[in-house]
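All remarks here apply to the structure that follows.
In this chain, numbering begins with 1 at the start of the sequence shown.
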Amino acid sequence: MARIDEVAHLALKIGRLLLANGDDTAEVEVAVTRFAQVFGGEASVVVNYEALIVTVALGDALRTKVGRRVPAMNVGLGAVAAVNDVLAAVASGKRDLAWVAAELDRVEHAPAFYSRWIVVVAMGLTAASLARLFGADWGTFGIVWLAGSVGMWLRQELAKRDLNLVFIPFAAALVSGTVGGLGVLLGWAGTPALCLVAPGMIIVPGVPLINGVQDLIRNHVSVGLARLVFGAMVTIAIAFGLYGAMVITGVRIPVDSPMTPLPVRVDALFSALAAVGYAALFGVPPRIAWACLVCGVASHALRTLLMHAGVQMVAATLLGALAVGFLAQIFARRFRAPAATFAFPGVVAMVPGSFAFRAVVGSLEIAAAGANAAPALVAETLALYLSCVLMTAAIAVGIAAPLIIWPSRSRGVA
């Protein structure tokens with residue numbers, strides 16, 4: 001009886017650690033089920049957005065464990081990789097339940113791979129690199145680096161106070177956008193709109209949005225919808241924060257802002273720099289962080305190359321995500337880590353955050369104009385919304401597609 005209680009408890013803890021750190025629902029179910037099998041049990045898993053329910057059968061005994069509420073869908077790919085290391089060790093048959101319990105406690109309470117100041121500076125660099133990918137000049141690059149770092153610092157401070165999960169990105173976007181707008185007012189930027197938009201782009205919850213689409217593809221409808229709704233709410237909150245910064249500073253975010261692709265070599269450089277911040281933010285272990293940069297270059301530079309060749313942006317995004325999906329599978333087998341460790345930092349630079357912000361600004365302008373709204377504004381706003389949906393779906397499908405022909409074995413548990 002004690003054995004089944006411990007197996008059920010540890011299976012639940014494995015699932016909760018994976019879910020809380022951004023793993024997708026299908027992988028959580030596989031991990032929990034295979035862990036129970038190693039110790040002679042059969043597990044049934046029910047995943048929802050806030051908790052896990054695990055039932056383990058061992059012989060004639062049956063135990064059901066309900067996990068406590070998961071406070072947020074954060075992204076801690078280092079923790080996910082560490083849990084997978086535990087599962088791989090369990091598969092060898094040389095580790096007992098006491099060892100598993102001790103290792104899971106260590107993973108749960110382990111310090112972050114990177115200090116908060118490294119994350120702050122790296123995410124500021126990511127914001128500046130994203131601005132450069134959208135055509136920013138060097139003055140804007142410097143302003144956005146500062147504004148993005150300030151916004152990330154504020155996010156960390158507010159998160160320590162357990163504030164509302166939607167208010168935090170709103171406040172960070174408002175403050176970082178205002179800092180960027182002040183730089184414009186001082187005459188330091190030649191591309192003013194990006195001084196507001198780019199710092200907000202690093203706050204967009206790309207991983208929950210992508211995971212949400214993948215959950216829907218794999219028929220985990222309730223969790224997928226919850227993730228998508230959460231991601232949409234956060235994105236709207238960021239857009240309102242940037243709109244507030246626009247009102248404070250007087251710097252306008254244009255709804256119609258055509259994107260001109262950079263030369264491929266330049267794009268590759270700034271795509272790699274953009275991936276640096278996300279690797280630090282997501283807690284990717286330093287020994288494999290370089291692979292995230294390779295994925296970042298492969299996705300965004302390939303998309304840019306295809307757009308130069310005349311391929312439409314959504315199709316180019318899908319192909320860029322496909323390239324990362326296959327690369328992530330290769331790295332996952334090489335380093336015995338989940339594919340998400342490499343895929344997400346590689347594709348988040350393609351998440352259409354700026355499109356979403358401009359769509360919300362367009363909606364506000366339409367609401368203010370009412371029946372007098374210009375048809376061109378309405379059409380552009382609708383096109384932005386459609387682009388957001390299609391590009392997010394393209395990224396998720398591109399990452400998930402390789403799994404159809406190349407099933408994941410990163411769990412290490414047979």
Side-chain angles (χ1 to χ4, degrees), residues 15-25 28 47-52 66-80 108 112 114 116 119-120 123 126-127 147-178 197 199-216 220-245 277-278 280-283 340 344-345 348 351-354 356-357 359-360 388 392 396:
R16 189 177 185 280
L17 281 171
L18 294 174
L19 184 65
N21 285 286
D23 213 352
D24 69 72
T25 305
V28 171
V47 182
N48 62 47
Y49 188 66
E50 294 188 333
L52 237 65
V66 180
R68 64 186 187 276
R69 181 180 183 276
V70 177
M73 293 289 189
N74 297 316
V75 182
L77 297 180
V80 173
E108 187 172 21
Y114 308 96
R116 61 174 300 191
V119 174
V120 164
M123 286 304 292
T126 292
S149 298
V150 170
M152 180 53 57
W153 172 83
L154 182 61
R155 280 182 65 188
Q156 293 176 339
E157 288 296 313
L158 295 179
K160 290 191 297 185
R161 290 160 175 77
D162 294 326
L163 297 178
N164 182 273
L165 295 176
V166 177
F167 172 77
I168 292 174
F170 166 79
L174 176 63
V175 172
S176 62
T178 301
V197 172
M201 291 169 64
I202 62 173
I203 312 174
V204 174
V207 174
L209 289 170
I210 295 168
N211 267 338
V213 176
Q214 288 187 329
D215 284 338
L216 291 180
H220 297 287
V221 177
S222 60
V223 181
L225 288 177
R227 280 174 156 155
L228 288 174
V229 170
F230 173 74
M233 288 176 61
V234 170
T235 303
I236 292 171
I238 297 168
F240 274 105
L242 294 179
Y243 187 79
Y278 287 117
L281 179 67
F282 294 164
F344 288 146
V348 286
V351 174
S354 66
F357 304 153
V360 174
C388 289
T392 302

Between the side chain of Thr126 and the main-chain N/O of Gly277, is any donor-acceptor distance below 3.5 Å?
-> yes

Distance (rounded to the nearest 0.5 Å) between [X] [atom1] and [Y] [atom2]:
X	Y	atom1	atom2	answer
Leu158	Phe167	CG	CZ	6.5 Å
Leu281	Ile202	CG	CD1	8.5 Å
Leu19	Thr25	CG	OG1	6.5 Å
Arg227	His220	CZ	NE2	10.0 Å
Ile203	Arg155	CD1	CZ	6.0 Å
Cys388	Phe357	SG	CZ	9.0 Å

Is there a side-chain contact between Ser149 and Val120 (heavy atoms, below 4.5 Å)?
-> yes

For residues Tyr278 and Phe344, determine if any side-chain heavy atom of one lies less than 4.5 Å from a side-chain heavy atom of the other.
-> no

Do other residues, nucleotides or ligands put more than 12 heavy atoms under 6.0 Å from Tyr114 OH?
-> yes

Smallest separation among heavy atoms of [X] and [Y], with atom names:
X	Y	value
Pro169	Val234	CG-CG1, 3.7 Å
Val166	Asn164	N-OD1, 2.8 Å
Thr235	Ala356	CG2-CB, 3.5 Å
Pro199	Ala127	CA-CB, 4.2 Å
Leu18	Val80	CD2-CG1, 3.9 Å
Val175	Leu154	CG2-CD2, 3.5 Å

Any chance you could lay out the side-chain contact (heavy atoms from CB on, under 4.5 Å) test for Arg116 and Lys160, step after step, and finish with the verdict?
-> CA-CA 12 Å; Arg116 61 174 300 191; Lys160 290 191 297 185; 3.5 Å; yes

Output all residues satisfying side chain to side chain contact (heavy atoms under 4.5 Å, CB included) with Val229, sequence neighbours left out; order by chain, then residue number.
-> Met233

